[in-house]
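Accompanying notes for the structure given below.
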Amino acid sequence: MVISLPPREIAPGAVHVPGWLTLDEQRHLVDACRAWAQGPVPIRHTVLPRGGVMSVQTVCVGWHWQPYRYTRLAHDVNGRQVADFPGWLADLGRRALSDAYGPAARAESADGGSTTSRPYEPGAYELDVYDPDVYDPDTALINFYDGEAKMGMHQDKDEKSDAPVVSLSIGDACLFRFGNPETRGRPYTDVRLASGDLFVFGGPSRFAYHGVPKVYPGTGDPATGLTSGRLNLTMRVTGLR
Ligand code: MD3
Ligand code: FE
């Protein structure tokens, strides 16, 4: 039996929806990520400007990210243009926003959305930022974590848009640390992210520090198609054209 937990607002605009993806959807995403990992720009350990190498492996779709900008061509890998951002993924992103912020999410929260659990406060933010129908992600970053990989606390601020980021997790669970927009340190909230979980980061949470201190090997369900490790796919609006 599948027990579905309601969406939980970790901080204003940061909503965790456990078990959002079905097993079928997870399998489909794993297949798509496997194909993107092959090319046109293969998955790689990103090299940082000061020579460090990320333990996570990353492949991009739509726009290519290299620290700290987006380009159409992957100058730091093989110079090729990354795969197009597919329409079905943008549709999934809109459904994610609608389920995390929409009326159903508010109705399901403990207080019916009447007090604190109201990320989608009409008029509270720039009009289109929370509107699922208008949300039009143009980039996905796909991160693969083996059992030892981690990601230090950072902000995502290379996008020229404050539209929300949609995050999908598949495979091994991890410890996700969600901080604040001011500092790399406390206060932060630790959340376990498991296979199928959705997390949306918008509004005041869009530029908060966050990281992945630890993956829990062996916690994933091989039925997703991923026998080991963790996949995270984030959708973004670059604001570029
Ligand atoms: C909060 N990825 O790709 S997903 C990243 O699990 C990244 O691979 C982590 O941080 C991962 O940049 C964390 C959750 C996440 C992603 C993007 C965010 C949280 C975010 C952007 C802004 C605020
Ligand atoms: Fe990030």
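Read the numbers this way: they start at 1 and go in the same order the structure lists the ligands and their atoms.
- Shown in contact with D156 at under 4.0 Å from a heavy atom are these atoms of ligand 1, numbered in order with element: 5 (C), 12 (O), 17 (C), 21 (C).
- Salt bridge R236/D138: absent, no basic N to carboxylate O contact under 4.0 Å.
- Considering only non-hydrogen atoms, atom 6 (O) of ligand 1 lies nearest to R230 out of Q155, K150, R230.
- Residue S167 places no N or O, backbone or side chain, under 3.5 Å from any N or O of ligand 1.
- Within the listing of ligand 1, atoms 2 (N), 7 (C), 10 (O) sit less than 4.0 angstrom from a heavy atom of M151.
- Between atom 11 (C) of ligand 1 and the options F199, Y145, F201, F207, the minimum heavy-atom separation is to Y145.
- No donor-acceptor distance shorter than 3.5 angstrom exists from the side chain of N143 to the backbone of T58, with no hydrogens or angles considered.
- Summarising the contacts of atom 18 (C) of ligand 1 with H210, H16, M153, the nearest heavy atom is found in H210.
- At least one side-chain heavy atom of L168 sits under 4.5 Å from a side-chain heavy atom of M235.
- Ranking the protein heavy atoms by distance from atom 13 (C) of ligand 1 puts F176 CE1, 3.8 Å first.
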Derivation of the salt bridge (Lys or Arg N to Asp or Glu O under 4.0 Å) call for R69 and E159: CA-CA 8 Å; R69 67 196 175 110; E159 301 80 16; over 6 Å; no
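- Classification of R95 and E25 as a salt-bridged pair holds, one side-chain N sitting under 4.0 Å from a carboxylate O.
- With respect to atom 23 (C) of ligand 1, the closest heavy atom belonging to the protein is R206 O, 3.4 Å.
- Side chains of W65 and D158 form a contact here, defined as non-hydrogen atoms less than 4.5 Å apart.
- Taking the centre of each ring, F178 and F201 come in below the 6.0 Å mark.
- Its N, O or S atom nearest to the Fe ion (ligand 2) is what matters here, and for D156 that atom is OD1.
- H64 has its side chain out of reach of R72: every pair of non-hydrogen atoms, C-beta onward, lies at least 4.5 Å apart.
- For atom 3 (O) of ligand 1, the nearest non-hydrogen atom from the set N143, V165, L141 belongs to N143.
- Nearest non-hydrogen protein atom to atom 5 (C) of ligand 1 is R236 NH2, 3.2 Å.
- Remark: the backbone N or O of H45 is not paired with any side-chain donor or acceptor of Q57 at under 3.5 angstrom.
- Per-residue contacts place V212 under 4.0 angstrom from the following atoms of ligand 1 (heavy atoms of the residue considered): 6 (O), 9 (C), 11 (C).
- From the protein, the heavy atom lying nearest to atom 16 (C) of ligand 1 is T234 CG2, 3.6 Å.
- When atom types are taken as modelled, the side chain of H210 and the backbone of A208 share a donor-acceptor pair closer than 3.5 angstrom.
- Taking the Fe ion (ligand 2) as the apex, the angle formed with NE2 of H154 and NE2 of H210 is 90°, to the nearest 10 degrees.
- Considering backbone and side-chain N/O atoms, S205 never comes within less than 3.5 Å of an N/O atom of ligand 1.
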